[in-house]
Protein chains: 2
Amino acid sequence: MPEDRRRPTLDTLAAEVGVSRATVSNAYNRPDQLSEQLRERILRAAERLGYAGPDPVARSLATQRCGAVAVLTDTNLSTAFSDPALSITLDALSSAMDSEDHALLLLAGSAEGGPSPERVRRAQADVLVAYSLADDTPAMRAVAARGLPVVVIDSPMLAGAAMVGIDDRGGANLAAQHLLDHGHRRFAILADEIQPDQYRGPADAGRLAKIGYRVSAERFHGYRSALDAAGIGEVRTWEAGGIDATLGARGARWLLDQDPPPTALLCMTDHLAVGAAQAAAELGIQVPEELSIVGFDDSWLATQVAPRLTTIRQDLAAKGRTAGELAQRLLAGHQAGPPVQLPTELIIRESSGPAPHAQ
Amino acid sequence: MPEDRRRPTLDTLAAEVGVSRATVSNAYNRPDQLSEQLRERILRAAERLGYAGPDPVARSLATQRCGAVAVLTDTNLSTAFSDPALSITLDALSSAMDSEDHALLLLAGSAEGGPSPERVRRAQADVLVAYSLADDTPAMRAVAARGLPVVVIDSPMLAGAAMVGIDDRGGANLAAQHLLDHGHRRFAILADEIQPDQYRGPADAGRLAKIGYRVSAERFHGYRSALDAAGIGEVRTWEAGGIDATLGARGARWLLDQDPPPTALLCMTDHLAVGAAQAAAELGIQVPEELSIVGFDDSWLATQVAPRLTTIRQDLAAKGRTAGELAQRLLAGHQAGPPVQLPTELIIRESSGPAPHAQ
DNA sequence: TTGTATGCGTTATCAT
DNA sequence: ATGATAACGCATACAA
């Protein structure tokens, strides 16, 4: 077999069988448009020539559809993968989109935040899904420039994009209020990321004045609204720089080392809370007798640790599903509606309790 | 601004500025081919017209490159994501490929095993990476038909594809030999998946005669080679149907309920081993005093449980990195070399020990 | 049921 | 430095 140098195309096949390109195309895309036996002949010839079927890229150019939804994450691949919230959300997203029709194109972030603008510009996708990106990441400018339908999960805000998030502020408020109700007056806050700049350490008022992540900002201001209403002044805040439990432990060690130490610790994610609980255990501080901890997200971890975590629940699957539905709607040509905000809920478990008497 | 109905193209822009398409194209791709001021003028016009830059699909058609590597998994998205081995491998893979150049196109599996053949046919990618797929999944026929460079991780075998895996058979042999050396004679095996058919339960000789996953087959025969050499006959085997720890616990309960019960449990993954250890604890069976357990993979979990797991280590990052390098080589036009087989190593921890006296 | 003509938006080669 | 022209491989409206 002389095996031509170049890969066979529709034309090659058409010539071989002695029909037109259109007929071959129909053999693949509209079986009802030609006789069964002609189709058989064409498919057999394809097999013989090693023709793999219509080229996906050329097809995309002609149909103006890619069959892919791009997902942009803030972190690199392994960090993204290790975030259970991402898995749940994306799984729900992709099944809500009739996964037969759309593959997932992963654009993971680099050190500077989201994926590089160049990657965004070159992504072959029908929709862009931004997942918890920083507010001013360069990727978002590229996203807007693409002119594709955009769905934003959590953050950042983007005009013209469909959005789904949760009531972060309300949830955070619930968390703080829960501890206030228990008589706590000495608070500390363990934040994940405030600015996308790799900083880890105490967050001063300056940093907190311009929080780079909408979600962090909402949660912080949710805490503050409850604290302010209770007349509680400035509260020490540690920026962990990620959601790894060990980062949480590190922050907690510092916070618990302050004088006077806090009796109530507000953690912006469950992972941080777990780390904080470990740190407390190492320091011989009883939870919740001496220290109350409240997490956020009600992740899988929350019930796997002892004491089980009091936390704010959000429905990740619903968030992913909603994102998928919004994407479908955009794809169908509809305008983006107002942001969808899913509710949050306080889940009381064993990591929180009354403030110790000796205040 | 009259805002044309259709999106602007290179032509639109060329007409607007009064230059040719080629020049506009050069403005984006070869800045050195035109004067800085002309380029400026073009870019400004693009901004004004809302032209987002060259269309990625059309560019792909012209350049014959997609800028994406497709990864095919056997399971659905959330299962895939929750497998830490996948995260580590893919992360290493993508960074080994100069991630600036290639996005990750995720083709997750459905109920029947790998992704649907149709999805494979339509995937816009330069390379296909098959990750631990069943030997005869329909996806693999589509993979072969595409005629693209293919890298296989673990399984299945595919002629013409580059492959990287580990010495599963040797590792399994080590695991069994370790227990034999400790005097064990009553063995049981906890397998993850033997056939891609959702079956969960005892695996009889019939099922074990045609194992659908190369990795499972290798591990099983690795166990057997050591057992055979020691004159140990048939060994009860449970097929968990997945790598979830709860599936492992279920299988272990059945295996430990047999008469006589095994003193040595060979688990094909660490997750199953963790589940088995939990089941043993619930049944009041001491590990390792009454039951020795050996896992496989040396996953993150192995050191997180008590007792820490004796297991077979494989270097997942190296596997991913190798896969990436193989992909690069294929992309550069080289032929696939012989399969790369990474070594395994026995890691002895606390979950294994001498066989109890009362044999 | 089949074929013709045209469009999809680029890049690349070769002139000029 | 810039332009003309030919690929790239396919889908589709329309004609036959």
Side-chain angles (χ1 to χ4, degrees), chain A residues 4-43 45-46 49-67 121-126 146-148, chain B residues 4-43 45-46 49-67 121-126 146-148:
Chain A
D4 269 333
R5 182 102 296 100
R6 316 225 328 224
R7 310 190 51 174
T9 74
L10 264 192
D11 266 324
T12 325
L13 199 49
E16 170 81 9
V17 183
V19 295
S20 75
R21 288 209 298 264
T23 302
V24 177
S25 173
N26 283 334
Y28 283 95
N29 302 315
R30 310 199 178 161
D32 52 310
Q33 295 294 299
L34 33 49
S35 67
E36 186 52 38
Q37 65 180 42
L38 176 54
R39 185 173 129 91
E40 267 313 315
R41 235 174 72 216
I42 292 176
L43 263 31
L49 265 54
Y51 177 68
D55 179 279
V57 174
R59 180 205 289 261
S60 277
L61 183 59
T63 58
Q64 305 285 72
R65 303 188 55 254
C66 292
R121 271 191 285 274
R122 296 173 110 96
Q124 300 179 21
D126 301 316
R146 276 297 294 269
L148 288 178
Chain B
D4 268 335
R5 182 99 299 98
R6 316 228 327 228
R7 310 191 51 174
T9 75
L10 263 193
D11 266 324
T12 323
L13 199 49
E16 171 81 8
V17 183
V19 296
S20 76
R21 287 209 299 263
T23 302
V24 177
S25 175
N26 283 335
Y28 282 95
N29 302 315
R30 310 201 179 158
D32 53 310
Q33 295 294 298
L34 31 49
S35 66
E36 186 52 41
Q37 66 179 40
L38 176 54
R39 186 173 128 91
E40 265 313 314
R41 234 173 73 214
I42 292 176
L43 263 31
L49 264 56
Y51 177 68
D55 180 279
V57 174
R59 180 205 291 261
S60 277
L61 183 60
T63 59
Q64 305 287 71
R65 304 188 55 255
C66 293
R121 271 191 285 272
R122 297 175 110 95
Q124 300 180 21
D126 302 315
R146 277 297 295 267
L148 289 178

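Throughout, a chain's letter reflects where its sequence line sits, starting with A, and its residues are numbered from 1.
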Could you pull out all donor-acceptor pairs under 3.5 Å where a side-chain atom in residues 21-30 of chain B meets a protein atom, sequence neighbours excluded?
{"from": "B:R21", "atom 1": "NH1", "to": "B:D11", "atom 2": "OD1", "distance (Å)": "3.4"}
{"from": "B:R21", "atom 1": "NH1", "to": "B:D11", "atom 2": "OD2", "distance (Å)": "3.4"}
{"from": "B:T23", "atom 1": "OG1", "to": "B:S20", "atom 2": "OG", "distance (Å)": "3.3"}
{"from": "B:S25", "atom 1": "OG", "to": "B:N29", "atom 2": "ND2", "distance (Å)": "3.4"}
{"from": "B:N26", "atom 1": "ND2", "to": "B:A22", "atom 2": "O", "distance (Å)": "3.4"}
{"from": "B:N29", "atom 1": "OD1", "to": "B:R59", "atom 2": "NH1", "distance (Å)": "3.2"}
{"from": "B:N29", "atom 1": "ND2", "to": "B:S25", "atom 2": "O", "distance (Å)": "3.4"}

Contact letters for nucleotides 10-16 of chain C, in which S counts primed atoms plus P, OP1 and OP2 and B counts the base, heavy atoms under 4.0 Å: BBB----
Test item: side-chain donor near acceptor, B:Q124 and A:S60, under 3.5 Å: yes
Mind calculating the distance between CZ (B:R65) and P (D:dG9) to the nearest angstrom? 16 Å
A:D126 CG - C:dC8 P separation (whole Å): 18 Å
Quick one: bend of the helix from C:dT1-D:dA16 to C:dT16-D:dA1 from 5 pairs per end, to 10°? 30°
Residue pairs, two or more places apart or on separate chains, that pass salt bridge (charged side-chain N to carboxylate O under 4.0 Å, His left out) and touch residues 31-43 of chain B: B:E40-B:R44
Looking only at heavy atoms, the pair that brings A:P56 and B:A123 closest together is CG-O, 3.7 Å
Identify whether any heavy atom of B:V57 sits under 4.0 Å from a base atom; if not, whether one sits that close to sugar-phosphate; answer base, sugar-phosphate or nothing. nothing
Can a side chain N or O of B:S20 be found less than 4.0 Å away from OP1 or OP2 on D:dT2? no
To the nearest angstrom, how far is B:Q64 atom CD from D:dC8 atom P? 8 Å
When rounded to whole Å, the CD to P distance for the pair A:Q33 and D:dA11 reads 13 Å
Sequence neighbours left out, what passes side-chain contact (heavy atoms from CB on, under 4.5 Å) with A:D55? Give chain and number order. A:V57, A:A58
Backbone N/O of B:R65 and side chain of B:D126: donor-acceptor pair under 3.5 Å: no
Given side chains that start at C-beta, do those of B:L34 and B:V19 come closer than 4.5 Å, heavy atoms only? no
Specify the separation, in whole Å, of atom CD of B:Q37 and atom P of D:dA1. 12 Å
Does B:R146 have any side-chain hydrogen bond (donor to acceptor under 3.5 Å, both in side chains) partners at least two apart in sequence or in another chain, and if so, which? none
